[in-house]
Trainee: 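So that we are looking at the same thing, I have put the structure below in structure tokens.
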Amino acid sequence: MKIKILLYPLCMALLLSSCHIYKQYSRPEVDTQGLYRDPVSTTDTLVSDTSNMANLPWEQVFTDPDLQVLIRLGLERNTDLQAALLRVKEAQASLMTSRLSYLPSLSLAPQGGVSSFDKSHGSWSWSLPVVGSWEIDLFGKILNTKRAAKAALLQSEAYQQAVQTQVVAAIANYYYMLLMLDKQLEITEETSVLWKKNVETMRAMKEAAMVNEAGVVQSEANYYMVLASMADLKNQIRETENSLSLLLRQAPQKIARGRIEDQQLPTVLQAGVPIQLLGNRPDVKVAEMALAGTYYNTNEARAAFYPQITINGTYGWTNQAGNLITNPGKMIASVIGSLTQPLFYRGANIARLKIAKAQQQEALLSFEQAILNAGSEVSNALNLYQTAQDKIVQREKQIESLEKSVEYTQELLTLGTSTYLEVLTAQQSLLSAQLSGIADEFQRMQAVVNLYHALGGGVK
């Protein structure tokens, strides 16, 4: 008999362990090999080490004092970030609720009434009990609910970090875009001054019968085109300032900023190894904690197949016990244990378990896709940086050649061996190349921001 008493708990423990009711979530096997593409290697194999720029605080990546002021302001005031912090508080409250589920629930349930039989004198009865109920979590239902709440808290914290990295990157990108537009406007204004002088020169040459009226009006048209482009640039600057102000949760206003020539960003980009994305990328953490939550939901659905053990108790005072009226203030106490085994709800429990398993598989796919997305973003940022570097080198040579072309065609026009159309074409090409050169520099800066964000930087 004693052997049977010992075997029953052992068999039950083996049964429960086989169903993973008490087993904690563990990360599934994830293949991150070759997740980064090398922007220059034909084999797509990126040679990397554990050095990772995502581990740098954002102050060491973005050293511009004006930009640092804006980022700090955004981290304090951004609406999305503040909402994410509130979600963390909500998850903390849910976790506290699930932890309190281990404790008995107590309630005060006073009752009173009067009764009379066959017009007799009414008799008063009352009771003042404290009612308690305690569910014994023998089969892991409350345990898995608590673990799921903990996973939800970690998920909300990771989401808050993801929003923070996005805010840092967005502010930096807007800031560098403003610097690019400022420089383009400066170049365009300088060009407008030169082209205005060119119009005056063309008018003087017409009076000297060196060019005709067509050359004059064409040069005037070019000058007015530059003035119109200046208006567009000013409008883009105003709209970018407004967008950045909105990100900072403040009224649209002028943004204090430096110059694009003074910016110092990391020139050696360290992407680390792909496996670091699992720990650094907040959105990957969000997807993994969502997977952990569905894992515990599945365990909770399994626990519903087992009995629910509850102990109910009452302690208090009453003046009534059964049909006997007792003296006021007599103590009453009772304890009742109950065991509920699902029978007719078995079909619903099976359906619930199937749904939980399907949701767990969906979360697993989302987790794997989040890792692939992270690797793709890192690869894109690396390639964007390399592309910008290559373009800057070639663009400098193009601008140098076009500057000589403008100089030569103007000299030839003065000598009468060139046409005004050749001069105008050379001037337009030079302006376009200069503006593109500034855009190339912005693209390189944007690549650094994108890579820092893609690697999960900006949390520290």
Side-chain angles (χ1 to χ4, degrees), residues 54 57-91 155-186 188 228-260 262-263 265 281-283 285-286 373-374 377 380-381 384 388 435 438-439 441-460:
W58 60 263
E59 292 93 341
Q60 295 184 19
V61 178
F62 310 116
T63 57
D64 186 300
D66 292 321
L67 176 56
Q68 290 184 348
V69 170
L70 295 175
I71 292 177
R72 291 191 183 97
L73 183 61
L75 295 179
E76 293 174 0
R77 304 190 58 181
N78 179 261
T79 301
D80 293 335
L81 187 54
Q82 294 301 313
L85 290 172
L86 292 175
R87 288 180 58 175
V88 173
K89 293 182 179 180
E90 294 171 6
Q155 182 181 5
S156 64
E157 290 175 346
Y159 174 76
Q160 178 263 323
Q161 293 174 349
V163 175
Q164 178 173 325
T165 62
Q166 180 62 41
V167 169
V168 172
I171 292 175
N173 273 326
Y174 274 127
Y175 184 82
Y176 293 138
M177 183 180 295
L178 283 173
L179 301 188
M180 175 195 70
L181 294 172
D182 286 345
K183 188 62 178 179
Q184 288 183 334
L185 179 61
E186 178 184 339
T188 305
S229 65
M230 287 170 53
D232 283 336
L233 287 171
K234 291 178 180 178
N235 180 64
Q236 291 180 47
I237 291 173
R238 182 63 63 90
E239 290 182 351
T240 305
E241 286 181 326
N242 293 345
S243 298
L244 181 52
S245 298
L246 184 63
L247 192 63
L248 301 176
R249 207 178 72 182
Q250 62 185 15
Q253 57 191 268
K254 183 175 179 60
I255 302 296
R257 53 189 181 269
R259 294 172 54 85
I260 195 169
D262 301 329
Q263 301 307 305
L265 288 172
R281 282 276 299 220
D283 58 332
K285 293 181 185 178
V286 169
N373 292 341
E377 290 177 8
N380 289 341
L384 180 64
L435 297 179
I438 302 302
E441 182 61 32
F442 167 69
Q443 189 179 68
R444 180 168 61 179
M445 301 167 72
Q446 187 180 39
V448 176
V449 176
N450 291 351
L451 180 61
Y452 186 62
H453 177 244
L455 292 172
V459 176
K460 299 179 181 180

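Residues take their numbers from the sequence shown, with the count starting at 1.
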Trainee: Looking at R87 and E90, is there a salt bridge between them, counting it only when a charged N and a carboxylate O are closer than 4.0 Å?
Mentor: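 No, this pair does not count.
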Trainee: Using side-chain hydrogen bond (donor to acceptor under 3.5 Å, both in side chains) as the criterion, list what pairs up with N373, not counting sequence neighbours.
Mentor: Q369
Trainee: With side chains defined as the heavy atoms from C-beta onward, is the minimum distance between E241 and Y174 less than 4.5 Å?
Mentor: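 SC-SC contact between E241 and Y174 ruled out.
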Trainee: Could you tell me whether the side chain of D80 reaches within less than 4.5 Å of the side chain of Q166, counting heavy atoms only?
Mentor: no
Trainee: Looking only at non-hydrogen atoms, find the nearest pair between N78 and L247 and report the distance.
Mentor: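 The answer is ND2-O, 2.8 Å.
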Trainee: Would you say the side chain of M180 lies within less than 4.5 Å of the side chain of Q446, judging by non-hydrogen atoms?
Mentor: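 The answer is no; the side chains never approach within 4.5 Å.
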Trainee: Step by step, work out the side chain to side chain contact (heavy atoms under 4.5 Å, CB included) result for L81 and Q160.
Mentor: CA-CA 6 Å; L81 187 54; Q160 178 263 323; 3.8 Å; yes
Trainee: Has R238 got more than 12 heavy atoms of other residues, nucleotides or ligands less than 6.0 Å from its CZ?
Mentor: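 Counting neighbours around CZ of R238, 12 or fewer heavy atoms of other residues, nucleotides or ligands fall under 6.0 Å, so no.
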Trainee: Apply ring-ring contact (aromatic ring centres under 6.0 Å, His included) to Y452 and list each qualifying residue two or more places apart in sequence or on a separate chain.
Mentor: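 Y452 satisfies ring-ring contact (aromatic ring centres under 6.0 Å, His included) with F62 only.
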Trainee: Walk me through whether E377 and N450 qualify under side-chain hydrogen bond (donor to acceptor under 3.5 Å, both in side chains).
Mentor: CA-CA 8 Å; E377 290 177 8; N450 291 351; over 6 Å; no
Trainee: Does I171 reach the side chain of L67, with side-chain heavy atoms less than 4.5 Å apart?
Mentor: yes
Trainee: Check whether any side-chain heavy atom of I260 sits under 4.5 Å from a side-chain heavy atom of D182, and report yes or no.
Mentor: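 With C-beta onward as the side chain, the pair stays apart.
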Trainee: Identify the two heavy atoms, one from K285 and one from A158, that lie closest to each other, and give their separation to 0.1 Å.
Mentor: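 Taking every non-hydrogen atom into account, CB-CB, 3.6 Å.
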Trainee: Other residues, nucleotides and ligands only: do more than 12 of their heavy atoms fall within 6.0 Å of CZ on F442?
Mentor: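 Enclosed: over 12 neighbouring heavy atoms sit under 6.0 Å from CZ of F442.
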